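Letters A, B, ... mirror the listed sequences (proteins, then strands); counts begin at 1. Here the structure is a predicted model, which means the values were calculated and not measured.
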Amino acid sequence: MPYDHASIEQKWIKNWKDLGLYKFDENSSKEKKYILDMFPYPSGAGLHVGHVEGYTATDIYSRYMRMKGFNVLHPMGWDAFGLPAENYAVKTNIHPDITTNEAIKTFTSQINRLGLSYDWSRELATHKKEYYKWTQWLFLLLYKKGLAYKKEALANFCPSCQTVLANEQVVDGKCERCGAIVSQKLMNQWFFKITDYADRLINGLDKLDWPSSTKLAQVNWIGKSTGAELNFKVAKEGAFSLDSEDEYIKVFTTRPDTIYGCTFLVLAPEHKMVSKIVTDEKKVEVEKYLLEAKGKTELTRTTEKDKTGVFTGGFVYNPFNEEKIPVWISDFVISTYAEGALMAVPAHDERDHEFATKYSLPIIPVIKARVAKYLVVEKSLKPEKVIEMLKTWTFEIKEVSKSWGNIFTVNVPVEKEPEMINFLKDNLLETSDDGGAWYCDSMGTTNNILVKDKHFKINSNKDLEDFKAYERTKGIPEDQLDVKLKVFSDKDGILMNSDMYSGLSVQDAFEKMLKFADDEGFGEKKVQFRLRDWLISRQRYWGAPIPIIYDNDGNFMPVNEADLPVELPTDIDFKPTGISPLTYSKKFHEIDTSKYPNAVSREMDTMDTFVDSSWYFLRFCDPNNSSEFGSKEKMNKFGPVDLYMGGAEHTVLHLLYARFFTKVLFDEGLINFDEPFLKLRHQGMIIASDHTKMSKSKGNVINPDEICNTSGADTLRMYEMFMGPLDQSKAWSVDSVKGIRRFLQRVFDFSEKIDSNTTDVSVSENAEINILIKSVTEDIEAMKFNTAVSSFMKFINFAEAEGKICMSTWENYLILLAPFAPFLTEELWEKIGKKTSIHNELWTTHDESIISSRIQTIVVQVNGKKRALFDIKPETSEEEVYRLAFESIKDKVKESDVKKKFYVKGKIVSFVI
RNA sequence: GCCGAGAUGGCGGAAUUGGUAGACGCACGGGACUCAAAAUCCCGCGGUAGUAAUACUGUGAGGGUUCGAUUCCCUCUCUCGGCACCA
């Protein structure tokens, strides 16, 4: 009988649906596992093979967990609001609701073909009013908690999409969606105060089982810096329009210890003090600069290499030494970070240095960096000799060690470092003419190499080449030279030119200066975050309306909870004009003034779709609840998510927002956990066989439906698992798909050879099946599905070589394979006379004693090289193993030559001769 | 520039408390079956030398530690991903 995947799949899809096989039992007493995929955006393009990879992985995991006896919640839904559907509507004038529902239909049928075990009774979609009612409710909750606020702010505006974008949605100064260059526009916008949670969003990561790179990306995104906020008093002379005698300019710095090196201040063009501090004679020049800066887009502002700036004519006093410092304006200062102003220390900051050099501003070094602890010598010099030489030094040496090649680490006390330099100059370089010593001095970016009286500044590989060329002139071949670049941070240095603080270490100075500033009231310790509040307003149609009403004085009030949802109207024009399409809906603005006195209009912006997708995992716990966001009991019972699977492209945005919401709801007492996803894994990207991204225009897209048609869903599933490690990006291979199909065919064919009458299992068969149980179980737990698939192949190779295996082994084999190939295994399960679904079977366990009682192969090594092999029984004694090992190599080695011997139990005997 | 991940046959990949490198699959070569092809089955398959047994060599490059290194340490090169004037 041929393996006809099409009829098998059709049969079981219907059968499982009729049985309600994957329905989640809310009242089960079993322990729960919540296993979730990132829900997809239902695009018109249909399901992508990348979706299939992640969904198959969680499906295998879910099926495995069910068979292990857990109550598995494994739902699916749709991230249905969003720009593509709306853009399509603009083009075709077909309502997004229609295209979205069409796409969902397509996705659903595609997913069902794959045999994914979702419980469809819990399906949700963010564009349904039953769902977005609660998105709006969540907005109101944040509003009540003071976490949602409206503010006029410069927003990233995409001229093509005609809407503002969150910072996160601007990539390289361009719109993430359409690639248009983003401009800045001053608009009145709604924000969520995610910055209030910055610290907790960092700390909460500790207890999560997430890829470390993802955690790190979140930490970097939040960007916590510890430093100080310092006030610089504005110098009174000059024709400034100061409001009071005591006007200050506030700056944030992570290096208050370098303040004696501060030679100017720089303000962002948008800084509020700019207009006050500029002198009459500089006015024209400054205004011209401000105009230029305003005209620049974010893109040119960040990619421009040359720093530009203008002097305001104004001065401030350095609070530590009362020095008068000029105030400049430059657009390299970001107005939205900290105070939008910085103290420039050109001697110790690369950007400040560039600026100071360009405009001839003074550069005062205030940190002396540690002497480099490395010494470079000629290669032919024996290590022992160098150590000996160093030990003759007249001052204390903490430690001398050979670190690599001919580079030696020499640790000396900080205060002895000048002495060490002199020693190198005077002594070592005299005695070793061909070597050199190098160290780095005050500028952290420069390395100086001293070679007798010649002094090389080394900033780049080119400089290094020059140095090598110089050495070559002295007749030393290049491969004899060992020179390495190493930059020493001036954070390890000691202060100089800093009055009473000179001589202190950076760390000490930092603390002492902060205390002084605090005592004197002109500064304090400050923690600054790179993370900014989340801008959620979108001037688009296809999203959840923001539940806010305005009265005729322009005041706003929240919509009453009882009046939710604020429904998305249908009498609209999609054309984006820069203001929300909802503006033009008549129906939308009909408001019951008995409830909302003086109400004239509604908020016309919709919410960023990330708002919808940042709480859906909670709704799955209680998806059909019409009276509540979700019942507290159910959310606590089924949440948090035990395993979350999705693409790495969501490492910051989605995951950060979801964690933020979870913490807010936790604080509100609505849920008893404050992290949504305990374990997170990413599936890698699947690229085309030519190693480029799959795209319609290139015509290299692999359609999952086609693979299902030609080779079957089981083949597609197993192929995607076999491609390689789950989290890696992998190229599609048409040929390799055949290999999996061939394997399933062999499994199918082998089912004919099962002997139901034989009950005595051979020793090797017993060992093989137990090894298989062990490795497949471990691989699923670790989500190493590629090696699990190879184990299945190995076993069928073994079985075919044996010619037949008995029924109990076969049953075990099918059970192990069931999560991977649900259709084929169900069919073969029925074929051996089973009346109930294989997917309701319990997982099998292995017997370790059977595995460990196998014959072991011992490798004999002589001086680390493999020389012989022999087999032993596991109980063979050590002496006996040594004896057998020597026996196997005795024609090559004399017993008297053996100096040492090692035995790694059951693995290796190693002789040293 | 900074941070992170990685580099293993013709290809995808396997092997890490340091212990037979190349599992498993694909591709390829040879053979069987066939009038023939497909499918299937058997054999081979890192490189060099050799009829062969075998020997040497080999996990991006160089060095180190070790009886023994794909695995640990140092340096370098390249590739991919993230951030990017964040004071």
Checklist line | Integer-rounded Å distance: B/U40 P and A/Arg741 CZ | finding: 10 Å

Next item on the list: Please state the P separation for the pair B/G6 and B/A14 - nearest whole angstrom.
Entry: 12 Å

Next item on the list: Name the orientation class of the two ring planes belonging to A/Tyr657 and A/Trp534 (parallel below 30°, tilted from 30 to 60°, perpendicular beyond 60°).
Entry: parallel

Notebook entry, point to check: Taking the nucleotide of RNA chain B with the closest heavy atom to each, which residue, A/Thr253 or A/Met723, is nearer the 5' end?
Noted result: A/Met723

Next item on the list: Sort out the partner of B/U79 for me: Watson-Crick or G-U wobble, both distances under 3.5 Å, none otherwise.
Entry: B/A5

Item checked: Ion pair check, A/Arg746 and A/Asp749, cut-off under 4.0 Å -> no

Notebook entry, point to check: Phosphate oxygens OP1/OP2 of B/C3: is one of them under 4.0 Å from a side-chain N or O of A/Arg530?
Noted result: no

Check: Who pairs with A/Asn318 by side chain to side chain donor-acceptor pair (under 3.5 Å), at least two apart in sequence or on another chain?
Finding: A/Asn321

Next item on the list: Take the protein atom CD of A/Glu800 and the nucleotide atom P of B/U40, then report the distance between them rounded to whole Å.
Entry: 11 Å

Next item on the list: Sort out the partner of B/U51 for me: Watson-Crick or G-U wobble, both distances under 3.5 Å, none otherwise.
Entry: none

Check: salt bridge (charged side-chain N to carboxylate O under 4.0 Å, His left out) between A/Glu339 and A/Lys250: does it pass, once the steps are laid out?
Finding: CA-CA 6 Å; A/Glu339 303 300 325; A/Lys250 244 186 209 177; 5.1 Å; no

Next item on the list: Take atom CD of A/Glu752 and atom C1' of B/U40, then tell me their distance rounded to the nearest Å.
Entry: 15 Å

Check: Which value, in whole Å, describes the distance between the C1' atoms of nucleotides B/C86 and B/A5?
Finding: 24 Å

Next item on the list: Figure out the NZ/P separation between A/Lys358 and B/C85, and round it to whole Å.
Entry: 17 Å

Item checked: Within 45° cone of A/Tyr882 ring axis and under 6.0 Å: A/Lys901 NZ or CZ -> yes

Note to self: With rounding to the closest Å, how many angstrom separate the P atoms on B/U59 and B/G50?
What the structure shows: 24 Å

Notebook entry, point to check: Taking atom C1' of B/C85 as reference, at what distance in whole Å does atom CG of A/Asp331 sit?
Noted result: 10 Å

Next item on the list: In whole angstrom, give me the gap between the P atoms of B/A39 and B/U51.
Entry: 36 Å

Checklist line | Euclidean distance for C1', B/A52 against B/U40 (whole angstrom) | finding: 33 Å

Checklist line | Gap in Å between the two C1' atoms, one belonging to B/U70 and one to B/A15, rounded | finding: 9 Å

Note to self: Both distances below 3.5 Å, Watson-Crick or wobble geometry, any strand: find the nucleotide opposite B/C72.
What the structure shows: B/G64

Margin query: Suppose we define a pair by two distances each less than 3.5 Å, Watson-Crick or G-U wobble; what does B/G46 pair with here?
Written below: B/U57

Margin query: I'd like the C1' distance from B/G12 over to B/G31, given in whole Å.
Written below: 28 Å

Item checked: Between B/U79 (P) and A/Gln728 (CD): distance, integer Å -> 18 Å

Next item on the list: Classify the nucleic acid contact of A/Lys784 as base, sugar-phosphate or nothing, counting any heavy atom under 4.0 Å across all strands shown.
Entry: sugar-phosphate

Notebook entry, point to check: Reckon A/Lys865 touches a base, only the sugar-phosphate, or nothing at all at heavy-atom distances under 4.0 Å?
Noted result: sugar-phosphate

Notebook entry, point to check: When the C1' atoms of B/G47 and B/A21 are considered, how many whole Å apart are they?
Noted result: 14 Å

Notebook entry, point to check: Expressed in angstrom and rounded to an integer, what is the separation of A/Met343 atom CE from B/C86 atom P?
Noted result: 15 Å

Next item on the list: Please test A/Glu720 against A/Val49 for side-chain contact (heavy atoms from CB on, under 4.5 Å), starting from the C-alpha separation and ending with a verdict.
Entry: CA-CA 8 Å; A/Glu720 293 213 17; A/Val49 285; 3.4 Å; yes

Notebook entry, point to check: If we call it a pair only when both distances are under 3.5 Å in a Watson-Crick or G-U wobble match, what pairs with B/U40?
Noted result: B/A32

Item checked: Residue whose closest nucleotide on RNA chain B lies nearer the 5' end, A/Gly223 versus A/Thr651 -> A/Thr651

Note to self: I want to verify the glycosidic state of B/G9; is it syn or anti under the 90° rule?
What the structure shows: syn

Margin query: Taking the six-membered ring for Trp, are A/Tyr359 and A/Phe355 closer than 6.0 Å centroid to centroid?
Written below: yes

Item checked: Atom pair distance, as rounded to whole Å: CG in A/Leu216 and P in B/A5 -> 8 Å

Item checked: Listed nucleotide nearest any side-chain atom of A/Val912, set B/C67, B/A87, B/C56 -> B/C67

Next item on the list: Indicate the ring-plane relationship of A/His650 and A/His654, choosing parallel, tilted or perpendicular according to the 30° and 60° boundaries.
Entry: perpendicular

Margin query: If you compare every side-chain N and O of A/Lys730 against the phosphate oxygens of B/G12 (OP1, OP2), does one of them come in below 4.0 Å?
Written below: no

Next item on the list: Name the nucleic acid region contacted by A/Lys738, choosing base, sugar-phosphate or nothing; use a 4.0 angstrom heavy-atom cut-off, strictly under.
Entry: sugar-phosphate

Notebook entry, point to check: How does protein reach along nucleotides 18-25 of chain B, written 5' to 3' as B (base within reach of a heavy atom under 4.0 Å), S (only sugar-phosphate), or - (no contact)?
Noted result: -BB--BBS

Checklist line | Salt-bridge criterion met for A/Asp727 and A/Arg681 (N-O under 4.0 Å) | finding: no

Item checked: Pairing of A/Lys307 and A/Glu354 as salt bridge, 4.0 angstrom limit -> yes

Item checked: Assigned partner base of B/U16, Watson-Crick or wobble definition, under 3.5 Å -> none

